[in-house]
Amino acid sequence: MPRAATLDINCDCKEGVLSYLQHSFPVQLYEPFTDGDGNLSSRPVHDENGVPVVNREAVRRRDAMIERLAALPPVPGALDQIVQHFGTDMVAEVTGRSRRVVPKRNDDGSVRFAVENRPASAPLHETDAFQQDRKRILIFSEAGGTGRSYHADLGAMNQRRRIHYLLEAGWKADAAIQGFGRTNRTNQKQPPLFRPVSTDVKAQKRFISTIARRLDSLGAITRGQRQTGGQNMFRPEDNLDSWYARDALRQLYVLLSRGRVEGCSLARFEAATGLSLLDSDGGLKDELPPINTFLNRMLALTVAMQNLLFEAFEGLLIARIEQAQASGSYEVGLETLQAESFRVVGHAPIYTHPGTGAQTALLTIERKDRLTPLSLADALSQVDERGAKLLVNGKTGRAAIQRRARSVTDDDGAIHARVRLIWPLTDSVIAAEMLAASQWEEVNRAVFSAAWQGELDGLPSHETSTLHMVSGLLLPIWKLLPNESTRVYRLQTDEGERVIGRRVSPAWAATVANDDGAPVRLSGEEALMMLMSGEAALHLAQDQKLQRARAMNDWRIELTGFNDLGVERLKAMGLISEIVSWKLKLYVPTGAVGADVLDRLFDRFPIERLSMRKAA
């Protein structure tokens with residue numbers, strides 16, 4: 001049994017702080033004087049015996065500060081707080097500590113704190129107690145992060161899922177990665193759930209960023225995809241050493257030099273951080289402080305200044321990452337596609353290497369995904385727990401949940417407020433001013449529940465879609481492939497075939513499939529999906545053209561080039577006529593009705609060719 005002694009010492013840093021104030025607080029009286037050159041200065045005051053004279057007001061302030069600090073209760077560290085809150089009967093501690101402060105209950109029911117000595121074999125016994133389910137909570141430090149396993153081993157009594165909290169990660173990313181490996185190992189019943197813990201002090205993201213960068217690199221090396229190494233614990237914006245972060249930092253320097261960062265002028269920034277941004281001519285330096293220097297200097301600023309600068313920096317960073325993700329150029333390495341079913345329904349060779357005979361093929365793959373919509377109970381719980389709003393669109397009747405979203409900063413320093421709309425299957429972040437100008441209205445629970453449940457009832461259990469991939473020998477024709485995205489994907493079909501290749505748009509696939517001059521054949525549903533994505537425009541007979549256009553703050557499919565004598569025939573096929581700026585326009589309705597209209601339109605006016613467009 002470990003021996004416990006009554007705690008009658010002060011174990012926090014208060015004693016050192018009070019001693020520093022007692023001996024270093026400036027209390028000596030100074031007087032102004034003018035030297036021989038006429039410069040005004042100050043000097044300490046002494047009495048006739050040479051004894052320094054003290055300032056009574058300074059002494060009063062020093063004593064009041066010491067008295068206030070001495071009255072504050074000691075603040076235990078995070079490790080002691082966990083042990084003292086849950087008790088040693090619940091917590092297994094695997095650290096390098098030979099002594100610790102633990103609560104003890106007296107005979108009269110009162111609680112006292114005592115110093116407990118721990119033997120050298122304590123970590124071994126504590127690990128065994130956790131694995132054999134005698135203790136529910138395990139704490140291990142860097143000293144306990146090597147040579148031991150804490151995973152849900154199939155041979156252990158405790159096979160519950162571990163929830164691994166990373167607290168006080170420190171500077172060493174290697175140690176954090178080593179610690180993550182203690183709870184995620186082979187022969188386990190289930191993997192752990194990792195939860196890195198950080199505070200609201202923005203500069204502490206410096207430590208999380210180091211670990212995120214190392215885990216991303218580890219995943220790219222071991223499996224070819226970055227999210228594998230990070231176990232999806234980190235967001236793209238958590239890596240503050242990426243190209244996007246460096247670009248965002250340079251733009252922050254530009255805004256500071258122009259005085260566009262509200263609350264922080266250039267002079268204040270340079271005085272607080274010690275960083276110089278301007279050269280002798282008043283322009284930005286060619287060699288600006290790098291991201292590591294910027295992050296290290298943030299740690300020395302006040303919390304308010306940290307938050308102010310990081311809000312501007314993160315707004316610029318998130319805007320760049322979201323723009324790259326929307327355009328498909330965000331580099332994530334080799335990504336594995338997951339679905340309930342993949343089935344190859346088309347295989348068309350498009351290139352054969354003259355020397356080796358290796359082929360490049362265009363694969364048409366049918367994908368089947370199980371839909372997992374957000375239930376009504378979970379939707380309402382978000383309103384109760386996170387202060388969200390219940391919305392219903394007055395035009396479409398759809399329901400949505402409105403939640404807060406991070407604002408973004410543009411390159412001119414303007415801050416744009418945004419909100420997140422959550423639907424049963426998807427979510428989206430839009431500008432707050434766009435939401436205010438839309439048809440979304442806040443409603444009560446009854447109206448929202450009826451609209452949400454009605455949409456849930458109309459959803460199928462599975463969703464089937466088609467994707468196109470260019471697989472096989474890619475390097476010889478790499479530059480001939482569409483450049484809207486260079487991401488490489490892999491998947492495994494139901495027959496066990498493994499496919500690795502670049503994903504291409506349906507418009508590009510249809511263009512390649514009809515390079516021999518054969519007419520383009522598309523169903524109304526395929527054409528509707530292609531047109532609404534903005535990937536291509538369809539050129540029909542008699543010089544008519546179908547393409548996506550913006551009208552009334554919404555994307556619609558417009559038919560142009562029609563003859564005024566055939567308007568009634570086109571309207572009879574289902575097209576909608578509207579007068580815009582005193583000009584007649586014809587639109588294809590969206591949804592299942594639009595696919596039928598397109599089928600009738602193609603029967604009368606066949607597709608002659610496709611032209612690629614950049615998705616807006």
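Both backbone and side-chain heavy atoms feed into the values below; hydrogens, waters and symmetry mates do not.
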Partner residues of Asp369 under the salt bridge (charged side-chain N to carboxylate O under 4.0 Å, His left out) criterion, sequence neighbours left out: Arg367

Sequence neighbours left out, what passes salt bridge (charged side-chain N to carboxylate O under 4.0 Å, His left out) with Glu340? Give chain and number order. Arg370

How would you list all residue pairs meeting ring-ring contact (aromatic ring centres under 6.0 Å, His included) that involve residues 577-607, not counting sequence neighbours? none

How would you list all residue pairs meeting side chain to side chain donor-acceptor pair (under 3.5 Å) that involve residues 564-573, not counting sequence neighbours? none

Can you tell me which residue pairs pass the side chain to side chain donor-acceptor pair (under 3.5 Å) test with a partner in residues 428-448, sequence neighbours excluded? Asp384-Arg445

Please enumerate all residues that pass side chain to side chain donor-acceptor pair (under 3.5 Å) together with [X], with sequence neighbours excluded.
X	answer
Arg160	Asp133
Tyr165	Arg195
Arg600	none
Ser471	none

Partner residues of [X] under the ring-ring contact (aromatic ring centres under 6.0 Å, His included) criterion, sequence neighbours left out:
X	value
Phe130	none
Phe342	none
His164	Phe140, Phe180, Phe194

Tell me whether the rings of Phe313 and Phe310 are parallel (<30°), tilted (30 to 60°) or perpendicular (>60°). perpendicular

Cation over ring face, Arg320 and Trp243, 6.0 Å, 45°: no

Is there side-chain contact between Leu559 and Leu540, with heavy atoms separated by less than 4.5 Å? yes

